[in-house]
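So the structure is just underneath, and the comments pick up after that.
For ligands, and for the atoms within them, numbers begin at 1 and follow the listed sequence. We number each residue from 1, following the sequence as shown.
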Amino acid sequence: MTLDDCTLNLYDDKALSYCNPFDCGHSDLNDFFLNDSIRYSDQLLGKTYCFTLNSDPKSIIVAFIVANDSIKTTHLPQSRKQSVQKLIPRLKVMRSYPAVLIGRFGVSKEVSRSGIGSEAIDFIKAWFIHPKNKTGCRYIVVDAYNEERPLRFYEKNNFKFLFTTEDQERMFLKLPSDAVLKTRLMYFDLIVLKS
Ligand SMILES: CC(C)(COP(=O)(O)OP(=O)(O)OC[C@H]1O[C@@H](n2cnc3c(N)ncnc32)[C@H](O)[C@@H]1OP(=O)(O)O)[C@@H](O)C(=O)NCCC(=O)NCCS
């Protein structure tokens, strides 16, 4: 199966009541899509979408939420600030670069590791460089679970860590040095896709 066998839908009340419960194998995420995502959308905090299977429209294959965000260079270490800025012509030194946040992202555990998740990430990347977009968006950012599977997944999809080390991330997020980082901030520079 590929993403071509699926249809993109808004994940709204109608989809929630029509579709079978989404199960990506991650209880926090399953709970979010079941109980919180509609309220998020209602409050304009994010927009939730799902890909459903054409041959079984009740079956959600991928679910994700996207929201406007930014990368603030004032909140980055010098080395990362340079790598974020180096590909941007110095028309104007900006303190903040427009981005979109993938707030939550999950793939049905039925089709795990078949490449569908990567296809959906490519789809989202393509969305935000579309010539008809109303606003500019330079980066995709994600607050990935600090677990092997999602971190490898995003790295495989060419996302980089915004902070090179966990210590650096704790420092810039002003967290205590012994705080457990449940997530890691990662980013993808969309400029590489613009022809
Ligand atoms: C992480 C997740 C999105 C991956 O989706 P997927 O469709 O299985 O991913 P793909 O098949 O496109 O895999 C791409 C790469 O991700 C990595 N990956 C995927 N599943 C993995 C696993 N179980 N263990 C280690 N690496 C894994 C691999 O590098 C893989 O490439 P490879 O198969 O060539 O080695 C999916 O497993 C999921 O929904 N997990 C639960 C929720 C979650 O963690 N979401 C992301 C955080 S917001």
Side-chain angles (χ1 to χ4, degrees), residues 1-11 15-16 19-41 43 45-71 99-128 137 139-164 166 169-170 173 175 179-190 192-193:
M1 184 211 302
T2 74
L3 213 56
D4 288 341
D5 302 312
C6 301
T7 299
L8 181 72
N9 302 283
L10 265 180
Y11 186 95
L16 188 61
C19 294
N20 299 326
F22 177 61
D23 184 4
C24 65
H26 200 291
S27 55
D28 280 2
L29 263 187
N30 290 344
D31 184 59
F32 173 82
F33 284 114
L34 188 64
N35 297 310
D36 295 329
S37 66
I38 308 281
R39 277 186 291 147
Y40 249 66
S41 300
Q43 291 297 317
L45 298 175
K47 200 125 179 148
T48 314
Y49 297 91
C50 59
F51 280 99
T52 51
L53 192 57
N54 294 339
S55 57
D56 175 12
K58 283 179 182 266
S59 174
I60 297 176
I61 301 300
V62 182
F64 62 94
I65 181 161
V66 282
N68 293 349
D69 203 341
S70 67
I71 292 185
V100 69
L101 170 76
I102 302 179
R104 305 282 202 293
F105 180 93
V107 172
S108 162
K109 65 179 192 185
E110 304 288 319
V111 296
S112 178
R113 204 94 192 233
S114 68
I116 285 270
S118 300
E119 280 189 76
I121 291 289
D122 285 344
F123 175 91
I124 296 170
K125 288 174 179 171
W127 247 8
F128 291 101
C137 176
Y139 295 101
I140 297 192
V141 289
V142 63
D143 213 4
Y145 287 123
N146 194 4
E147 297 163 12
E148 188 192 358
R149 184 164 58 147
L151 294 183
R152 279 218 196 158
F153 171 75
Y154 286 113
E155 282 192 297
K156 183 89 190 215
N157 283 285
N158 299 313
F159 282 72
K160 292 188 180 126
F161 289 103
L162 201 50
F163 301 98
T164 317
E166 291 199 15
E169 189 155 343
R170 272 188 283 268
L173 297 180
L175 296 171
V180 175
L181 276 186
K182 283 177 79 176
T183 56
R184 296 289 314 272
L185 279 162
M186 302 180 83
Y187 74 103
F188 177 84
D189 188 348
L190 286 163
V192 298
L193 301 178

*Is the closest side-chain heavy-atom distance between Arg170 and Phe163 below 4.5 Å?*
no

_Heavy-atom nearest neighbour in the protein, as seen from atom 34 (O) of ligand 1, with distance rounded to 0.1 Å_ = Lys156 NZ, 2.7 Å

_Contacting atoms of ligand 1, where contact means under 4.0 angstrom from a heavy atom of Gly106_ = 39 (O)

*Can you tell me if Asp23 uses its side chain to pair, donor with acceptor, with the backbone of Gly25 under 3.5 Å?*
yes

*If you have a sec, work out which protein heavy atom is nearest atom 4 (C) of ligand 1 and how many Å separate them, to one decimal?*
Phe153 CD1, 3.5 Å

*Kindly say whether Leu185 contributes a backbone atom to a donor-acceptor pair with the side chain of Glu169 at under 3.5 angstrom?*
yes

*Sequence-distant partners of Phe22, ring pair (Phe, Tyr, Trp, His ring centres under 6.0 Å), two or more places apart*: Phe33

_Per-atom contacts, ligand 1 versus Leu29 - under 4.0 Å to a heavy atom_ = 42 (C), 43 (C), 45 (N)

*asked:* Test your reading of the model: is there a side-chain donor-acceptor pair from Asp31 to the backbone of Ser27, 3.5 Å cut-off?
replied: no

*asked:* Checking contacts here: is it the side chain or the backbone of Phe64 that comes within 4.0 Å of ligand 1, counting heavy atoms only? Could be both or neither.
replied: neither

*Between Asn54 and Asp5, is there a donor-acceptor pair closer than 3.5 Å when you use the side chain of the first and the backbone of the second?*
yes

*When you measure from atom 45 (N) of ligand 1 to every protein heavy atom, which one gives the shortest distance, and what is it?*
Phe105 O, 2.8 Å

*Any atoms of ligand 1 less than 4.0 Å from a non-hydrogen atom of Ser114? List them with their elements.*
11 (O)

*Check: Val62 and Phe123 side chains under 4.5 Å, non-hydrogen atoms*: no

_Return the closest protein heavy atom for atom 39 (O) of ligand 1 as residue, atom name and distance._
Val107 N, 2.8 Å

*Ala144 to ligand 1, any heavy atom closer than 4.0 Å*: no

*Quick one: nearest non-hydrogen protein atom to atom 7 (O) of ligand 1, plus distance?*
Gly117 N, 2.8 Å

*Is Arg113 touching ligand 1 with its side chain, its backbone, both, or neither, if touching means heavy atoms under 4.0 Å apart?*
both

*What residue and heavy atom of the protein are closest to atom 14 (C) of ligand 1, and at what distance?*
Ser118 OG, 3.4 Å

*Is there side-chain contact between Ile65 and Tyr40, with at least one heavy-atom pair below 4.5 Å?*
yes

*Does Ser112 have a non-hydrogen atom less than 4.0 Å from ligand 1?*
yes

*Distance to 0.1 Å, residue and atom name: give those for the protein heavy atom nearest to atom 37 (O) of ligand 1.*
Arg149 NH1, 3.2 Å

*asked:* So if I count the atoms of ligand 1 from 1 in the order they appear, which ones are less than 4.0 Å from some heavy atom of Tyr145?
replied: 44 (O), 47 (C)

*Using a strict cut-off of 4.0 Å, indicate which atoms of ligand 1 neighbour a heavy atom of Gly115.*
10 (P), 11 (O), 12 (O)

*Among all residues two or more places apart in sequence or in another chain, which pass the ring pair (Phe, Tyr, Trp, His ring centres under 6.0 Å) test with Phe159?*
Tyr154, Phe188

*So, the side chain of Arg104 versus the backbone of Ala63: is there a donor-acceptor pair under 3.5 Å, distance only?*
no

